[in-house]
Amino acid sequence: MIKILSNATLAQLYPARVQTGMDIALEHGRIVKIGKNLTISSPGAAIIPMDGKLVLPGMVCAHNHFYSALARGITADIPPSPDFVSILNNLWWRLDKAIDREILEASAMVGALEAVKAGTTAVIDHHASPEFIEGSLNVLRNAFEKIGLRGILCYETTDRNGEAGMKEGIAENINFAKSIDRKNDRRLIEAAIGGHAPFTLNDKALEMMKEAIDETGRGIHIHVSEDAYDSAFSHHHYREDPLERLNRFGLLNGKALIVHGVHLTENEINLLNETGSYLIHNPRSNMNNSVGYMEKIRQVKNLAIGTDGIGSDMFEEFKFACFKQRDAGGPLWPDSFAEFLQRGNRILEHYFGEKFGAVKTGYRADFTILDYDSPTPLNADNIAGHLAFGLSARDVNAVMVNGKFIYKNREFPFDTAEIYAQARKAAAELWTRM
Ligand SMILES: [Zn+2]
């Protein structure tokens, strides 16, 4: 049946657009018509009044780790970590090893709930649980599907726990990708081929990742040069930049998701741009790990924004991306960051083979809906400014994915108290195990 969202304010961050009093007709999870007074010409349609609420194309978090959702406020005994590799050793590589099926279930469920509450319609996740690899991506898929959140999932292959663990990671990526029915245009979940980072992937692993990409038709999702250590390691052991090395194995293409890239050289940025690869910028995580600032964001052709496990609130990540750049003396204004934020939707297009990121006929009906009572005029010229200085996740009223409300009037269609209680229990268990 046709559904009409009536009297909406269509708002788009990039290209910027604001139109009031619009009706949006939806069918089979897509936008089929947009105009004024569609309600009158469509007898029998289900009319859903929007009362002027802002309807934006869905917010996409282009890099996240739901396995870290239970690390918030962690009180496990973490020794002082003076550098990036110590942070991995003392915190993240202890945490991921302590994850079992039950902990991952709880972590994925609250990760997905928190994302939707923040107005995020899709999360591109990068998963690690070395003691529970086989079947881990299905646990994540179940959580995404229960909540109705869209996602692209992968397992972080690494050789840091030996060759058997590395091969198990590759197998999990391939099996999961093959389990997806790509003919189903309403599927919520897609797959990428995950790798932790070049400094924990030997040549054999990279060779196998290339085979996995060829076999599944997906792209790589990997951290690169997050810290200067990754570059130094590559120069020391392979005498080349990390991205040159990935390129030598044929891993860069239009579906490649290269994460962080704080220390990329000019040469590596050229490689990124020539191959059409994406760079995912995670400003809060970079600041928190003190790995440096990605000064070259302006030179990257395909830049998108992720949170790297610090929740999924893209309003907040957007603000940090803007302000960090201003603080570093950069020349960009909020409208450039609106373009970066919007670009997460391009990644969905590559993986789902559908149109995302605009409120236009033919596009998927994934929307972030806000009840924003603006104290100043809002229009196409200043919407990025509203996003930098006002609009936030507290304005999220509803979230629609595939034409279905998964969150409406600030409520889920099921009780969430039990899910949060379960998560607190699992978090305590996880911290004890660490
Ligand atoms: Zn990450």
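Every number for a ligand or one of its atoms is a count from 1 in the order of the listing.
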Report the relative orientation of the aromatic rings in W92 and Y67; use parallel for angles under 30°, tilted for 30 to 60°, perpendicular for over 60°. perpendicular
Taking the six-membered ring for Trp, are H223 and H65 parallel (under 30°), tilted (30 to 60°) or perpendicular (over 60°)? tilted
How are the rings of F412 and Y407 set relative to one another: parallel (under 30°), tilted (30 to 60°) or perpendicular (over 60°)? tilted
Ignoring water, what protein N, O or S atoms are under 2.8 Å from the Zn ion (ligand 1)? H63 NE2, H65 NE2, H223 NE2, D308 OD1
Can you name the closest pair of heavy atoms from L95 and S68 and give their distance? CD2-CA, 4.4 Å
D96/R160 ion pair, N-O < 4.0 Å: yes
Ionic contact status for R343 with E339, cut-off 4.0 Å: yes
